[in-house]
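Along the sequence shown, the residues carry numbers beginning at 1. Quick caveat, the model's predicted, so the values are computed rather than measured.
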Amino acid sequence: MAEETKCACGSANVAIFPCVGAANVGQLSNKIAIELEKQGIGNLMCTVGIGARAPGLMKSAESSDRIMTIDGCPVNCATKTMELAGFKVDRQIVISDLGIKKTKDRDLKDEEVAEVLGKVMEILQSE
């Protein structure tokens with residue numbers, strides 16, 4: 001049986017807010033957030049809904065023990081969205097800081113997703 005991967009983030013109630021931008025790194029941030037949710041690391045949430053101040057999403061974020069953002073690049077849209085809405089971001093990951101060059105190519109390759117997911121898991125397990 002495979003060993004279950006756990007995040008050392010200190011809570012089971014982690015909200016994950018990805019960038020989902022129009023570049024490869026934005027699309028990677030969303031794909032990584034989906035994979036983290038599948039692995040039980042946290043719950044994927046809608047970053048745009050926070051920007052829109054959607055009441056249900058605001059309440060979900062407020063009830064989370066920890067907030068993680070996954071930004072695609074140094075523009076930090078997901079993190080800034082959360083902070084402008086009044087939330088403290090407990091953990092930020094920036095995909096372009098992991099050696100991925102930002103491009104306009106949004107067709108993700110499985111190998112690239114696996115590589116980035118591995119790097120993100122290493123980061124989370126080292127906390």
Side-chain angles (χ1 to χ4, degrees):
M1 180 181 240
E3 182 179 324
E4 186 175 341
T5 305
K6 291 288 183 193
C7 171
C9 15
S11 172
N13 188 14
V14 177
I16 304 171
F17 291 91
C19 158
V20 198
N24 63 324
V25 290
Q27 296 304 301
L28 274 165
S29 75
N30 189 55
K31 183 66 176 164
I32 297 306
I34 291 168
E35 294 301 319
L36 292 177
E37 181 179 64
K38 285 180 182 176
Q39 293 189 27
I41 302 295
N43 300 305
L44 175 62
M45 301 269 187
C46 179
T47 310
V48 173
I50 297 297
R53 304 301 193 270
L57 291 166
M58 295 291 286
K59 188 172 183 108
S60 291
E62 289 166 2
S63 67
S64 298
D65 294 332
R66 292 180 50 87
I67 292 178
M68 176 191 310
T69 56
I70 305 177
D71 285 300
C73 69
V75 177
N76 297 322
C77 294
T79 298
K80 288 177 182 174
T81 297
M82 298 308 295
E83 290 172 345
L84 286 169
F87 295 101
K88 175 186 170 283
V89 174
D90 299 294
R91 182 62 171 108
Q92 177 195 29
I93 293 173
V94 182
I95 300 296
S96 62
D97 287 351
L98 304 176
I100 305 298
K101 183 178 175 173
K102 183 177 180 178
T103 70
K104 293 183 184 250
D105 183 12
R106 293 181 291 270
D107 293 324
L108 303 178
K109 294 167 185 54
D110 291 341
E111 309 82 46
E112 186 176 37
V113 172
E115 175 189 344
V116 173
L117 181 60
K119 290 178 180 182
V120 169
M121 293 305 294
E122 284 179 24
I123 291 167
L124 294 178
Q125 291 172 340
S126 70
E127 292 183 332

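Separating the SG atom in Cys19 from the CD1 atom in Ile93 is a distance of 13.0 Å, to the nearest 0.5 Å. From Ile50, atom CD1 reaches atom CE of Met45 across 8.0 Å, with rounding to the nearest 0.5 Å. Note that the CG atom of Asp65 and the CG atom of Asn13 stand 4.5 Å from one another [nearest 0.5 Å]. In this structure, Ser60 OG and Glu62 CD are separated by 9.0 Å, a value rounded to the nearest 0.5 Å. In this structure, CZ in Phe17 is found 13.0 Å from CG in Asn30, a value given to the nearest 0.5 Å. Note that NZ of Lys102 and CG of Asn24 are 8.5 Å apart. Values are rounded to the nearest 0.5 Å.
Evaluation of the side chain to side chain contact (heavy atoms under 4.5 Å, CB included) rule for Lys59 yields no partner, not counting sequence neighbours. For Asn76, the side chain to side chain donor-acceptor pair (under 3.5 Å) partners at least two apart in sequence or on another chain are Gln92. Residues meeting the side chain to side chain contact (heavy atoms under 4.5 Å, CB included) test with Val113, sequence neighbours left out: Leu28, Lys31, Ile32, Leu108. Scanning for side chain to side chain donor-acceptor pair (under 3.5 Å) contacts around Thr69 gives Thr79, with sequence neighbours left out.
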Gln27/Val20 under side-chain contact (heavy atoms from CB on, under 4.5 Å): CA gap, chis, key distance, verdict: CA-CA 5 Å; Gln27 296 304 301; Val20 198; 4.2 Å; yes
Verdict with reasoning, Glu37 to Asn43, per side-chain contact (heavy atoms from CB on, under 4.5 Å): CA-CA 5 Å; Glu37 181 179 64; Asn43 300 305; 4.2 Å; yes
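At distances below 3.5 Å, not a single donor-acceptor pair connects side-chain atoms of Arg53 with backbone N or O atoms of Met58. Side-chain atoms of Ser29 do not come within 3.5 Å of backbone N or O of Pro18 as any donor-acceptor pair.
Screening residues 67-82 for salt bridge (Lys or Arg N to Asp or Glu O under 4.0 Å) gives no qualifying pairs among residues at least two apart or on separate chains.
The minimum heavy-atom distance between Ile41 and Leu124, with the atom names listed, is CG2-CD1, 4.0 Å.
When each of Leu36, Ile70, Ile34 is paired with Leu44, the side chain to side chain contact (heavy atoms under 4.5 Å, CB included) condition holds for Ile34 and for no other.
Side-chain heavy atoms closer than 4.5 Å link hydrophobic residues (I, L, V, M, F, W, Y) into clusters, and following such links, possibly through other members, connects Leu57 to Ile67. Cluster membership check: Met82 does not share its hydrophobic cluster with Val14, using side-chain heavy-atom separations under 4.5 Å among Ile, Leu, Val, Met, Phe, Trp and Tyr.
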When the side chains of residues 115-123 are checked against the rest of the protein, which donor-acceptor pairs come out under 3.5 Å, sequence neighbours left out?
residue	atom	partner	partner atom	Å
Glu115	OE2	Lys119	NZ	3.2
Lys119	NZ	Leu98	O	2.7

